[in-house]
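Data block below; observations after.
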Amino acid sequence: MNIRWPNGKSFAFSVFDDTDLAVPGNFEKVYACLGESGLQTTKSVWPVTAQGFEARSEAGSTCDDSEYLAQVLRLQKSGFEIGYHLSFHTGQKRNEILGGLDRFKELFGHDPVSMSNHASSEEGIYWGPARISMPLRAVYRTLMRRPWGSPHSGEQESSPYFWGDLCRDRVRYVRNFVFDEIDTLSANPEMPYHDSRRPYVNAWFSSTHAPEINTCLRALSEPRQDLLEASGGACILYTHFGAGFQQDGSLNTRFKELIERLSRKNGWFVPVGTMLDYVAAQRGGVQSLDNAARRRLEWKWFKHKISVGGTS
Ligand SMILES: [Zn+2]
């Protein structure tokens with residue numbers, strides 16, 4: 001079903017920015033460029049710092065880094081959505097996860113609307129092999145050399161990292177699959193969707209895979225922008241704005257050129273949560289994924305995964 005976008009817009013575009021690597025000095029100009037171009041997107045955060053770790057490190061900053069937090073709050077004030085990227089980059093146990101969610105709410109005034117799992121955290125919910133169903137899961141485990149399971153256990157009630165009920169009660173949208181297509185909605189027309197096999201997540205969304213500057217420049221190339229516009233669909237780009245977009249104080253000029261070009265199109269440039277709320281409302285609410293659609297999505301992602309490797 002084609003979505004009729006608001007205000008006569010012909011397509012929708014957003015970004016979910018995974019906060020890995022982002023520290024003061026390596027991402028602000030990206031947001032200045034997006035803001036000046038009229039694009040409002042989603043920046044994720046780690047709300048707290050696990051005991052024994054620093055608020056600012058090579059892994060990225062947390063909201064305990066006051067300089068970083070001030071910037072994040074400025075972004076929220078100017079219309080960007082602040083998303084959740086688990087409580088921290090290493091897994092914390094349930095009580096600390098609860099503290100992270102509470103801290104998020106205290107800082108930003110509400111529970112997270114959208115979130116993504118971090119690649120290597122025990123808090124990960126339905127992550128690793130649990131992203132997909134048997135028998136494909138068994139093949140995946142073998143290929144990833146994880147025959148005994150997964151480090152992620154956020155949905156397992158017996159795990160000290162269990163927070164599935166908190167996720168269900170407090171988080172609206174969680175990212176699962178990523179694809180190459182610039183039109184994420186055509187790759188996953190069911191999104192946002194509920195998957196009854198993964199009941200602690202209210203609704204899932206997919207993204208267009210562009211983890212760092214070079215893949216992002218390819219994803220946003222002129223022909224692909226034109227394709228998105230012609231499709232009338234929606235793109236949720238998944239990237240890490242801390243990964244090479246701003247270096248030695250300068251924003252990548254090609255990125256700036258591509259964002260400015262995109263902004264001149266008749267697109268609806270809104271945060272991930274706003275876009276997903278709108279799509280769900282057009283369909284009368286979040287729909288449940290049926291078995292055939294689940295199979296199709298899982299296989300499609302699996303093929304993508306084999307072709308690109310990596311953990312996202
Ligand atoms: Zn991450």
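Counting starts at 1 for both ligands and their atoms, following the listed order.
Judged purely by distance below 3.5 Å, without hydrogens or angles, the side chains of R131 and N176 pair a donor atom with an acceptor atom. Under the 3.5 Å distance criterion, with hydrogens and angles disregarded, a donor-acceptor pair is assigned to the side chains of R261 and Q225.
D20 contributes OD1 as its N, O or S atom closest to the Zn ion (ligand 1).
Backbone or side-chain N, O or S atoms of H118 reach the Zn ion (ligand 1) at under 2.8 Å. Using a cut-off of 2.8 Å, one finds that H240 contributes no N/O/S atom close to the Zn ion (ligand 1).
Between Y31 and F80, the distance separating the two ring centers is shorter than 6.0 angstrom.
For the side-chain contact (heavy atoms from CB on, under 4.5 Å) with L276, the lone residue among I236, V286, V270, V113 that qualifies is I236.
The Zn ion (ligand 1) forms the vertex of an angle spanning OD1 of D18 and NE2 of H85; to the nearest 10 degrees it equals 80°.
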